[in-house]
Amino acid sequence: DAGVTQSPTHLIKTRGQQVTLRCSPKSGHDTVSWYQQALGQGPQFIFQYYEEEERQRGNFPDRFSGHQFPNYSSELNVNALLLGDSALYLCASTTNGQGLRTEAFFGQGTRLTVV
Amino acid sequence: GENVEQHPSTLSVQEGDSAVIKCTYSDSASNYFPWYKQELGKGPQLIIDIRSNVGEKKDQRIAVTLNKTAKHFSLHITETQPEDSAVYFCAASRNTGRRALTFGSGTRLQVQP
């Protein structure tokens with residue numbers, strides 16, 4: 001079982017650019033959530049995707065958008081990058097299946113640096 | 001929305017001692033409380049969780065207690081080892097991992113050999 005995989009592991013972008021981060025959920029999981037973790041802080045929830053739709057959203061501007069594909073993988077897009085968007089972006093997957101374990105498992109993250 | 005506070009921010013113990021990390025939450029509808037361990041350069045790893053219908057749960061050297069009335073929960077690590085050194089996060093959610101997790105600010109645990 002490969003677990004949750006994210007790509008790329010590191011990324012450097014210039015202020016004002018756009019970025020796309022990718023996530024493949026753990027085998028058997030159908031729900032993907034994205035979190036932003038600033039240095040020295042706990043992860044903050046951005047949004048969650050299930051059945052290819054955004055189901056929940058945290059307190060993030062609409063510069064942050066996402067997508068989920070039929071194979072349950074997901075992308076996080078951030079437009080008009082700001083210096084403050086520099087952080088570790090984490091993807092977590094779980095399952096909405098009834099009677100199944102519903103813990104959230106995290107990937108290793110993508111370290112985004114905006115310069 | 002939910003707010004989770006975590007204490008202490010740093011904790012240093014001698015190998016073999018116990019470590020306790022405490023969290024409080026604000027949303028009385030929260031019913032799922034996981035704990036994650038994050039090592040340098042890695043994503044958070046689930047180490048134990050507890051649901052609101054249970055007051056205590058134990059897994060080898062790790063235990064979690066929950067006081068719903070006071071809205072606080074704690075992580076207890078006994079017989080600490082150097083490999084326990086990491087940052088630990090508590091979190092709260094309204095419905096297991098299916099819902100958004102609200103995290104505490106983290107505790108950096110250092111186990112001195």
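In the text below, chain A, chain B and the rest are named by the order of the sequence lines, each starting its count at 1.
- Just one of B:Phe89, B:Phe73, B:Phe103 meets the ring-ring contact (aromatic ring centres under 6.0 Å, His included) condition when paired with B:Trp35; it is B:Phe73.
- Looking at A:Tyr35, only its side chain comes within 4.5 Å of chain B, counting heavy atoms on both sides.
- Salt-bridge formation is detected for the pair A:Asp85/A:Arg63: a Lys NZ or Arg NE/NH1/NH2 atom is positioned less than 4.0 Å from an Asp or Glu carboxylate oxygen.
- Residues B:Glu39 and B:Lys37 are paired through a salt bridge, judged by an N-O separation under 4.0 Å between the basic side chain and the carboxylate.
- When heavy atoms are compared at a cutoff of 4.5 Å, B:Gln38 approaches chain A solely by way of its side chain, counted from C-beta outward.
- Side-chain N or O atoms of A:Arg22 include none that pairs as donor or acceptor with a backbone N or O of A:Ser7 at under 3.5 Å.
- Residue contact with chain A, scored on non-hydrogen atoms closer than 4.5 Å, is absent for B:Pro34.
- Sorted by first and then second residue, the disulfide (SG to SG under 2.5 Å) pairs with a member in residues 5-57 of chain B read B:Cys23-B:Cys90; sequence neighbours excluded.
- Among B:Gly43, B:Pro44, B:Ser105, the residue making the largest number of heavy-atom pairs under 4.5 Å with chain A is B:Pro44.
- Only the side chain of A:Leu88 comes within contact range of chain B, judged by heavy atoms closer than 4.5 Å.
- Looking at A:Gln44, there are no atoms closer than 4.5 Å to chain B (heavy atoms on both sides), in backbone or side chain.
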